[in-house]
Amino acid sequence: MDIIFYHPSFDHNEWINALRQALPQARIRVWTAGDNAHADYALVWHPPVEMLAGRKLKGVFALGAGVDSILSQLQAHPHMLPESVPLYRLEDTGMGQQMQEYAVSQVLHWFRRFDDYQALKLQAKWQPLEEYEREDFTIGILGAGVLGGKVAESLLAWGFPLRCWSRSRKNLPGVTSYAGNEELSEFLHGTRVLINLLPYTPQTVGIINIALLSQLADNSYLINLARGVHVVESDLLAALDQGKLKAAMLDVFSQEPLPAQSPLWAHPRVAMTPHMAATTRRSEAVAFIAQALQRLERGEAVSGLVDRTRGY
């Protein structure tokens, strides 16, 4: 089995060594420009077109949960990856736990009003505040795939009302499921904390706009853990300034790094992190890839197969 590897920022040596330990029977190499030698599989992130074009591959694995960069390249270069070559993504590999940590910590931060206490601290005010009621703090998760399900699971223990919305109805314990465009408004009505974990597809670009935000409960909150293009940033700022949204926690942005001139930097009720909510953990990813390749070589199905028409 011949495997080529490409990632613009990972430490190649560490990944190659880990992969060789997990797959001692395989020949694994870092792809470099001009390498047209045989390969059975490719492990990639933001791959150059020339890396994949013209190859007779058995499969391609994206080294992350999203495949939007590959699918966008295919629009301009359809020969890069023929439909006959299956594309897989990493559904979890440690990212679920990281998303859980991020979401739970931020929900509790707002629920216990630590943001308000910090604002009072800056004014040198000693002022106990009225507590929020748990039953009034409904959490809605946009996107109920593997990561959305993990986040819902982690929030169950805290007793908040939980709901999710996705393309198709889900069966998550303790979570009210809404599905399809016809149920989106019902999902939004009464939601106090909106957590976005939608996949990036043409249908979800700009979905979090003023029309959507206006349907949330007053003084609501937004956590965006998916993609920056899901949020119309000018509408988000308008909702904050109008008082519909009380605060937003953003990990992803329509342009990254976020430009210095973006008004998001200066807004007092916008908190942010630099696209680090969940990163690919090498040990978990290598274990998943090694098992998946062994199963594929035996002719068995593996999880994470991307439906290109859906975008995930």
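Keep in mind it's a predicted model, so treat the numbers as computed, not measured.
The environment of H189 atom NE2 is sparse: at most 12 non-hydrogen atoms of other residues, nucleotides or ligands sit within 6.0 angstrom. Around NZ of K150, the count of heavy atoms belonging to other residues, nucleotides or ligands within 6.0 Å does not exceed 12. When the shell of 6.0 Å around CG of D11 is examined, it contains more than 12 heavy atoms from other residues, nucleotides or ligands. The local environment of CG in D307 is crowded, with over 12 non-hydrogen atoms from other residues, nucleotides or ligands closer than 6.0 Å. Environment of CD in Q25: crowded, with over 12 heavy atoms of neighbouring residues, nucleotides or ligands closer than 6.0 Å. Counting heavy-atom neighbours within 6.0 Å of R112 CZ, excluding the residue itself, gives a total of 12 or less.
From F5, atom CZ reaches atom CG of L63 across 5.5 Å, with rounding to the nearest 0.5 Å. With rounding to the nearest 0.5 Å, the separation of OG in S177 from CG in L162 is 12.0 Å.
For W45 and F10, the distance between ring centers is not under 6.0 angstrom.
Taking every heavy atom of both residues into account, L147 and A65 meet most closely at CD1-CB, 4.3 Å. Among all heavy-atom pairs drawn from Y178 and E183, the shortest one is CA-OE1, 3.3 Å. The minimum heavy-atom distance between P199 and T204, with the atom names listed, is O-OG1, 2.8 Å.
Cation-pi contact between R192 and F111: absent, since separation from the ring centre below 6.0 Å together with deviation from the ring axis within 45° is not met.
Residues in residues 219-238 take part in these salt bridge (Lys or Arg N to Asp or Glu O under 4.0 Å) pairs, two or more places apart or across chains: D68-R227. Among residues at least two apart or in separate chains, side chain to side chain donor-acceptor pair (under 3.5 Å) pairs with a member in residues 51-67 are K58-E297. Listed by first and then second residue, the salt bridge (Lys or Arg N to Asp or Glu O under 4.0 Å) pairs involving residues 246-258 are D116-K246 (not counting sequence neighbours). Here salt bridge (Lys or Arg N to Asp or Glu O under 4.0 Å) pairs that include residues 273-288, with residues two or more places apart or in two chains, are E14-R282.
In the hydrophobic clustering (ILVMFWY side chains linked at under 4.5 Å, chained through shared members), V85 is joined by I4, Y6, W31, V44, V49, M51, L52, L57, V60, V67, I70, L71, L74, M80, L81, L87, V306. Counting side-chain heavy-atom gaps under 4.5 Å among Ile, Leu, Val, Met, Phe, Trp and Tyr, the cluster of Y200 also holds V205, V229.
In the model, H38 has a side-chain atom that pairs as donor or acceptor with a side-chain atom of D40 under 3.5 Å. Between Y312 and R167, the side chains place a donor N or O and an acceptor N or O closer than 3.5 Å (distance only, hydrogens not considered).
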